[in-house]
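Report on the structure given below.
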Amino acid sequence: MNLTAIDWTIMLVYFAFVLGIGVALKRYMRTSTDFFLAGRAIPAWICGLAFISANLGAQEVIGMGASGAKYGIATSHFYWIGAIPAMVFVGVFMMPFYYGSRARSVPEYLRLRFDEKTRGLNAISFAIMTVFSSGISMYAMARLIQTLRIFDAFFLRMNLSHESIFDVSIFLSAIIVLAYILLGGLTSAIYNEVLQFFLIVAGFFPLVWLGLKNVGGWQGLARKLPESFTHSWRGMSSPDTNPLGVEWFGLVAGLGFVLSFGYWCTDFLVVQRAMAADSMSAARRTPLIAAIPKMFFPFLVILPGLIAVAVPAMTAQRAAPDSSAIRYQGVVVQASGDRLATAEVLRSSKGLIPPKLDATGNPVVDSNGKPQYDYDLAIPMMLLHYFPTGLLGLGLTALLASFMSGMAGNVTAFNTVWTYDIYHAYLNRKASDAHLLWMGRMATIFGIVLSIAAAYVAVKFNNIMDMLQLVFAFVNAPLFATFLLGMFWKRTTGHGAFAGLLSGTVAAALHHGLTLPIGQPTGIKGGWISVHHYYPSEMAQNFWTAIFAWSTCFLVTILISFVTKPREEHELVGLVYSLTEKTKEENVAWYSRPSALAGIVLGLTLLLNVVFW
């Protein structure tokens, strides 16, 4: 694929703007609070857009598009069931604890509520999770650049192979993110996330509009897809009409409660954006403001995946008369070996989505001999299929922006937790503020390095959403049980919280090691102990892993708390719901009241579930 000067200009302007924000903010990074928490001086609407944009990384754009192609409109459950209720809960009930306690991070809140060992366990597990999430964004970006072949001409002149584009792309994206975080810290990341939000809307709205027009609107799309692909709830009672492979209880309990509340209520990556707000009221409104555009994002990021499947199978042809490579929509997807015939590629394609290929250029098949499709290519293929010059540059820039902001969000969360909750807490308790600022910058560097390593692990998955949900099941699911008990049951003890967190993570590992999705090899996707149960899909396995982790943590925390001594009530003021003064909303405009915003958000979400039932 050849980009024109207009496409290149749009992308270069974006990169210049990103770095320019960092340079402009550098002089304001005087203290560790400025660097890690943006000085707690960001307006609510900016925090709200950053709150949603911090979650608009590779997992949202590429991952949701891939899941839309794989599972259909049922992927909207990740928004209407798996996000909005939890965002309302964190804004109404949990931000008063986070912001009011003046904790600098989620692990630090755990220290205030429980004890040091609980904080340490969460800090370490969260740091590992952010590294994996950042690595996934790197992987998705590098995969996109390699697939679109936008650097092929340059690499050809340098006598470098096509495979090396993946490696160079990872390191190039790492350097750019590293630069603007080192310069402007969290403030730089937040303002870049706001920029990313508007870029994604501008880049993806035309894609959806052109795609729907091409397939005959929603009705035309519905006629071209299985019925289950256009309904979010209908057909979930039958495995034959349930693309997610998850029964309603597993969906509501696993995704709607454990995973969603575990992520939105306890993940410091998003909570950090609300902590940067300039007041308690702004902090509470941050997730509620974010929930309004969040509920409509399925139409921007999931719908393209459905359209990619509905479009007639793409035309395949030889890349060159003397080459065995196959070219799809202008993209060479196989450039080695001569065993993959054009006719075979045509038969195994799924709309615009090609089969996943192994190192020799042959289709990857599961244990039943069925091809595994490269669903992560749904969005890139849609861009190539529908966008002309100029608009293509805007669409690619929107994708690149999402990857960069996804990486930056995880790295800023990592450097804060490392500096405050690991380094300052255990390695250098007497460190000055200036030294903590220096350590934060060093943590940014080695956080990026670890993320690069994680990017190569993501290659094992054909849908990065599956990998992310697995990571969240291990880390966030048990953590939410700890928070729920700690905030609403004053009898919860530090020993109970620590034992519960540890038991929940172990339960997740055991469940994953004893189960396996149908058709998958044992190993990174499960069954590494022995296989005692098969799930119809990776997503179903992830949801039940989360349920087992949460339930184990919840029960163990209660049992241990009953046999250990709780803290005195006066020590828990501002940390437990029953011992905290409630925020009053008198003399405040109705649209600024968290309770009013919460009611509007939940009502609109219910309406969307009914419309797409």
Side-chain angles (χ1 to χ4, degrees), residues 51-84 86-87 133 136-137 139-141 143-144 193 196-197 199-201 203-205 207-208 211-212 221 225 229-230 232 243-244 246 251 255-256 259-260 263-264 267 269-270 290-291 293-310 351-353 373-383 395 398-403 405-406 409 458 461-472 537-539 542-543 605 608 612:
F51 191 93
I52 180 178
S53 296
N55 184 248
L56 282 177
Q59 63 267 39
E60 186 85 2
V61 179
I62 292 292
M64 286 299 179
S67 293
K70 187 175 182 180
Y71 302 119
I73 200 65
T75 306
S76 63
H77 289 309
F78 284 95
Y79 293 82
W80 302 335
I81 297 297
I84 305 302
M87 294 170 76
S133 297
I136 288 173
S137 293
Y139 157 75
M141 181 176 182
R143 184 70 188 284
L144 172 70
E193 285 160 0
Q196 168 214 353
F197 173 84
L199 272 174
I200 288 179
V201 173
F204 279 67
F205 181 78
L207 181 66
V208 174
L212 281 178
L221 180 65
L225 294 172
F229 264 54
T230 55
S232 59
L244 277 176
V246 186
L251 178 70
L255 175 63
L259 280 172
S260 66
Y263 175 76
W264 292 102
D267 195 314
L269 167 64
V270 290
K294 179 75 174 178
M295 72 176 70
F296 296 107
F297 255 80
F299 304 113
L300 285 181
V301 296
I302 295 176
L303 207 49
L306 276 74
I307 296 171
V309 177
L352 294 179
I353 303 171
Y373 297 102
D374 212 339
Y375 292 107
D376 287 338
L377 295 182
I379 295 294
M381 288 301 184
M382 283 285 290
L383 291 174
L399 277 181
L400 296 177
S402 71
F403 303 147
S405 292
F461 287 75
N462 74 331
N463 182 350
I464 57 179
M465 273 302 296
D466 290 337
M467 178 181 179
L468 278 169
Q469 295 306 316
L470 178 61
V471 173
F472 293 157
S537 69
E538 292 173 49
M539 203 64 74
N542 293 338
F543 290 171
T605 303
L608 287 170
F612 290 92

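In what follows, every heavy atom counts, from backbone to side chain, and hydrogens, waters and symmetry copies are set aside. FYI, the numbering just counts along the sequence from 1.
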Practice problem: Please name the pair of heavy atoms, one in Ile84 and one in Lys294, separated by the smallest distance, quoted to 0.1 Å. | Solution: CD1-CG, 3.8 Å
Quiz prompt | Qualifying residues under side-chain contact (heavy atoms from CB on, under 4.5 Å), relative to Ala308, sequence neighbours excluded | solution = Leu352, Ile353, Ala378, Met382
Quiz item: Looking only at heavy atoms, which two atoms of Ser67 and Thr75 are closest? And how far apart?
Solution: O-OG1, 3.0 Å
Quiz item: Do Val201 and Phe296 touch side chain to side chain, with heavy atoms closer than 4.5 Å?
Solution: no
Quiz item: If we only count heavy atoms from C-beta on, is the Phe299 to Val208 side-chain gap below 4.5 Å?
Solution: no
Quiz item: For the atom pair CD1 (Ile302) and OH (Tyr71), what is the distance rounded to the nearest 0.5 Å?
Solution: 12.5 Å
Practice problem: Would you mind reporting whether Val301 and Tyr79 have side-chain heavy atoms less than 4.5 Å apart? | Solution: yes
Quiz prompt | Centroid-centroid distance, Phe204 to Phe297, less than 6.0 Å | solution = no
Quiz item: Got a second to check how far Leu212's CG is from Ile307's CD1, nearest 0.5 Å?
Solution: 4.0 Å
Exercise. Write down the atom of Phe229, the atom of Leu306, and the distance for their closest heavy-atom approach.
Key: O-CD2, 3.4 Å
Self-check item: Heavy-atom closest pair, residues Ser53 and Gln196
Solution: O-OE1, 3.4 Å
Quiz prompt | Minimum side-chain heavy-atom gap Leu303-Pro298 below 4.5 Å | solution = no
Exercise. Locate the shortest heavy-atom distance separating Ser402 from Ile200; write the atom from each residue and the value.
Key: CB-CD1, 3.8 Å
Quiz item: With sequence neighbours left out, what residues match Ile81 under side-chain contact (heavy atoms from CB on, under 4.5 Å)?
Solution: His77, Trp233, Asn609
Quiz prompt | Minimum heavy-atom distance between Gly82 and Ser260, given as atom pair plus value | solution = O-CB, 2.9 Å
Practice problem: Would you give the length of the straight line joining atom CG of Leu383 to atom CG of Leu377, rounded to the nearest 0.5 angstrom? | Solution: 11.5 Å
Quiz item: Does the side chain of Met295 come within less than 4.5 Å of Trp80's, by heavy atoms?
Solution: yes
Quiz item: Is there a side-chain contact between Tyr263 and Leu269 (heavy atoms, below 4.5 Å)?
Solution: yes
